Amino acid sequence: MEKKAIIIKAIEYMKDHLDEEITTEELSKYVGYSPYHFVRIFKEVTGVSPRHYLSALRIEAGKKILADSSSSILKASLSVGYRSMGTFSSLFKQYVGLPPKQYQNSIQDLYGFLNAYDFQETDRAFQPPLPSVVCHLEPPEKFNGIIFVGLFPRPIPDERPVAGTALKPGETTCAFYHVPDGTYYALAAAIAWSLNPKDYFLLNRALRGKAERPVAVKQGSQSVVRIKLREPLPYDPPILINLPRLLFEKVKGANKKKNDSDFFDKVKENNT
DNA sequence: ATCACCATTTAATTCATCCG
DNA sequence: CGGATGAATTAAATGGTGAT
């Protein structure tokens, strides 16, 4: 428990000095350990390295700026602590799933899509062929909202999942069918039903869920995982992935016969 | 068990460059 | 011009090892 307090202290420092240059050596000195040991216990508690966590915080801050202002990418990059736009841009793409400008441009459209999304039709209709992974969600008693679930390569959702979906309020089970071989972490984020568009993109208040153990997928294997949702903890890394977009892409895939037109091409046209 | 140090591997950062 | 990417530098994570 003491260990966690140390890490939280370091994370607080990061948050307070986001726009400055922060080295991990500096951080380790701040909490009184050697860099070597500091990095170890940091990863033990948060699941990622300090640098990775710091980048996540910066990208999160950048997302916020881009979501509620029409700031240029350069200005956003500088104000979250990077000295060049390139770093921000490439990390943003890696973490969120699309480059910063595209993200900024697509927020309104994705929000519209999400509101129009018909949960009834999409997931329930067909009989499943050989499921690869089945997830049982356990939200808190009186939770009412939308739950995103995905299979991620890392223990935190900082890059695109190999599979993902969303559950309408009330549903607690989902399945993924064509999952490529590999070992994944089943992670979930739950957002209380809201009318504010930004709540779907800035997820610092979202409930979190993680399956106890990673799930190994091999040819034709079947697994069942249980994910319990809980309030965010102070050392939880931020959730950066663009969840509504993943849902959109899933739907696009399901309707590929008729709807060939690409959503993001439309977005592009609307903004040029 | 907890921590520090070294050598090596791996990831982040910059700057230059390309694209639209 | 603003924004996105790639190659070369530089910082940091990791595994092994040994001290307290």
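The shown structure was predicted, so the numbers you read here are calculated from the model rather than taken from an experiment. Each chain gets a letter, A, B and so on, in the order the sequences are listed, and its residues count up from 1.
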Q: To the nearest 0.5 angstrom, please state how far the CG atom of A/Leu110 sits from the OH atom of A/Tyr103.
A: 9.5 Å
**Q.** Most 5' of A/Ser84 and A/Arg154 on DNA chain B, judged by nearest nucleotide
**A.** A/Arg154
(Q) Let me spell it out: for each of A/Tyr82 and A/Ser34, pick the nucleotide of DNA chain B with the closest heavy atom. Which residue's pick is nearer the 5' end? (A) A/Ser34
Nearest-angstrom distance from the residue atom [atom1] of [X] to [atom2] of [N]:
X       : N      : atom1 : atom2 : result
A/Ile41 : B/dT2  : CD1   : P     : 10 Å
A/Tyr33 : B/dT2  : OH    : C1'   : 8 Å
A/Ile6  : B/dT2  : CD1   : P     : 13 Å
A/Leu91 : B/dT13 : CG    : C1'   : 9 Å
A/Leu66 : C/dG2  : CG    : P     : 16 Å
A/Glu21 : B/dT13 : CD    : C1'   : 10 Å
A/Phe42 : B/dC3  : CZ    : P     : 16 Å
A/Gln94 : B/dT13 : CD    : P     : 11 Å

Q: Give one of base, sugar-phosphate or nothing for A/Leu74, where a contact means two heavy atoms less than 4.0 Å apart.
A: sugar-phosphate
Quick check: do [X] and [Y] have side-chain heavy atoms less than 4.5 Å from each other?
X        : Y        : answer
A/Leu151 : A/Phe176 : yes
A/Leu207 : A/Glu231 : yes
A/Phe88  : A/Arg58  : no
A/Ile73  : A/Leu66  : yes

Q: Kindly point out which of B/dT13, C/dA4, B/dT14 is positioned nearest to the side chain of A/Ile73?
A: C/dA4
**Q.** Axis deviation across the helix from B/dA1-C/dT20 to B/dG20-C/dC1, five-pair ends, to the nearest 10°
**A.** 40°
Q.
Which label fits A/Phe248 and A/Phe113: parallel for a plane angle under 30°, tilted from 30 to 60°, or perpendicular past 60°?
A. perpendicular
(Q) Whether the A/Tyr235 and A/Lys4 side chains hold a donor-acceptor pair (N or O, under 3.5 Å, no angle test) is what I'd like checked. (A) yes
Q: Indicate whether OP1 or OP2 belonging to C/dT5 is found under 4.0 Å from a side-chain N or O atom of A/Lys93.
A: yes
Q: If a protein heavy atom is under 4.0 Å from the base, mark B; if only from the sugar-phosphate, S; if neither, -; do that for nucleotides 6-20 of chain C going 5' to 3'.
A: ------SSBBB----
Q. Please walk me through it: do A/Arg154 and A/His52 pass side-chain contact (heavy atoms from CB on, under 4.5 Å)?
A. CA-CA 12 Å; A/Arg154 298 214 197 205; A/His52 192 96; 4.1 Å; yes
Q) If two hydrophobic side chains count as joined below 4.5 Å and joins carry through other members, does A/Leu57 share a cluster with A/Tyr30? A) yes
